[in-house]
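First up is the structure itself, then whatever we jot down about it.
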Amino acid sequence: MKDEYALKKSMIFSICYVGLATIALYSMFPDSTLHGDWVYYGLFFTLPVSAISLGVRYAGMENEKVIVSIIQIIMFLLTWHITYRIMKEEK
């Protein structure tokens, strides 16, 4: 029961945290419809999971959105695993 609670809670946290980072990464250039001042705050808040993708976006690589998506999926899985382990130990 405790493991199930920690699994769900860590997944929700990871989706929100990495999701915010992903949306901020896709919105960081002025041609995006979601671009605004919030992007810089979002990237600063989520820097641990968006640092590598931020470098890819600024480098301007070919197929950068695909690469950023793959990196963010990996970051989501890592974040989920780490938060699950922390929440599991706390219970």
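Hydrogens, waters and symmetry mates play no part in the numbers below; they use all other heavy atoms, side chains included.
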Check your understanding: I82 and V49: same hydrophobic cluster, using ILVMFWY side-chain contacts below 4.5 Å?
Key -> no
Review point. Roughly how far, to the nearest 0.5 Å, is the CG atom of L54 from the OG1 atom of T46?
Key: 9.0 Å
Donor-acceptor pairs are to be reported for all side-chain atoms of residues 61-75 against protein atoms at under 3.5 Å, with residues two or more places apart or in another chain.
{"from": "E64", "atom 1": "OE2", "to": "R57", "atom 2": "NH1", "distance (Å)": "3.1"}
{"from": "S69", "atom 1": "OG", "to": "Y26", "atom 2": "OH", "distance (Å)": "2.3"}
{"from": "S69", "atom 1": "OG", "to": "K65", "atom 2": "O", "distance (Å)": "2.8"}
{"from": "Q72", "atom 1": "OE1", "to": "S53", "atom 2": "OG", "distance (Å)": "2.8"}
{"from": "Q72", "atom 1": "NE2", "to": "T22", "atom 2": "OG1", "distance (Å)": "3.2"}

Check your understanding: So with a 6.0 Å cut-off around CZ of F29, is the heavy-atom count from everything else above 12?
Key -> yes
**Study point:** Set of residues satisfying ring-ring contact (aromatic ring centres under 6.0 Å, His included) with respect to F13, sequence neighbours excluded
**Key:** Y17
Review point. In terms of hydrophobic clustering (I, L, V, M, F, W, Y; side-chain heavy atoms under 4.5 Å; direct or indirect links), are I23 and I12 co-clustered?
Key: no
**Study point:** Partners passing side-chain hydrogen bond (donor to acceptor under 3.5 Å, both in side chains) against S10 (at least two apart in sequence or in another chain)
**Key:** W80
Check your understanding: Can you list every pair that meets salt bridge (charged side-chain N to carboxylate O under 4.0 Å, His left out) and has a residue in residues 38-55, with sequence neighbours left out?
Key -> none
Practice item. Spell out, yes or no, whether M87 and L78 are grouped together once hydrophobic residues are joined by side-chain heavy atoms under 4.5 Å, including indirect joins. Key: no
Review point. Is the number of heavy atoms from other residues, nucleotides or ligands under 6.0 Å of I52 CD1 greater than 12?
Key: no
Exercise for review: Quick one: which residue pairs count as a salt bridge (charged side-chain N to carboxylate O under 4.0 Å, His left out) with a foot in residues 41-52, not counting sequence neighbours?
Suggested key: none
Review point. Got a second to check how far I15's CD1 is from F76's CZ, nearest 0.5 Å?
Key: 4.5 Å
**Study point:** Hydrophobic cluster identity match, M28 and F45, side-chain contacts under 4.5 Å
**Key:** yes
Revision key, fill the gap. Here the salt bridge (charged side-chain N to carboxylate O under 4.0 Å, His left out) pairs for residues 76-85, sequence neighbours left out, are none
Check your understanding: Is V56 linked to L77 within one hydrophobic cluster, defined over Ile, Leu, Val, Met, Phe, Trp and Tyr using a side-chain heavy-atom separation of less than 4.5 Å?
Key -> yes
Check your understanding: What residue pairs, at least two apart or across chains, pass salt bridge (charged side-chain N to carboxylate O under 4.0 Å, His left out) with a residue in residues 8-35?
Key -> E4-K8
What donor-acceptor contacts under 3.5 angstrom involve side-chain atoms of residues 36-43, with partners at least two apart or in another chain?
{"from": "W38", "atom 1": "NE1", "to": "L34", "atom 2": "O", "distance (Å)": "2.8"}

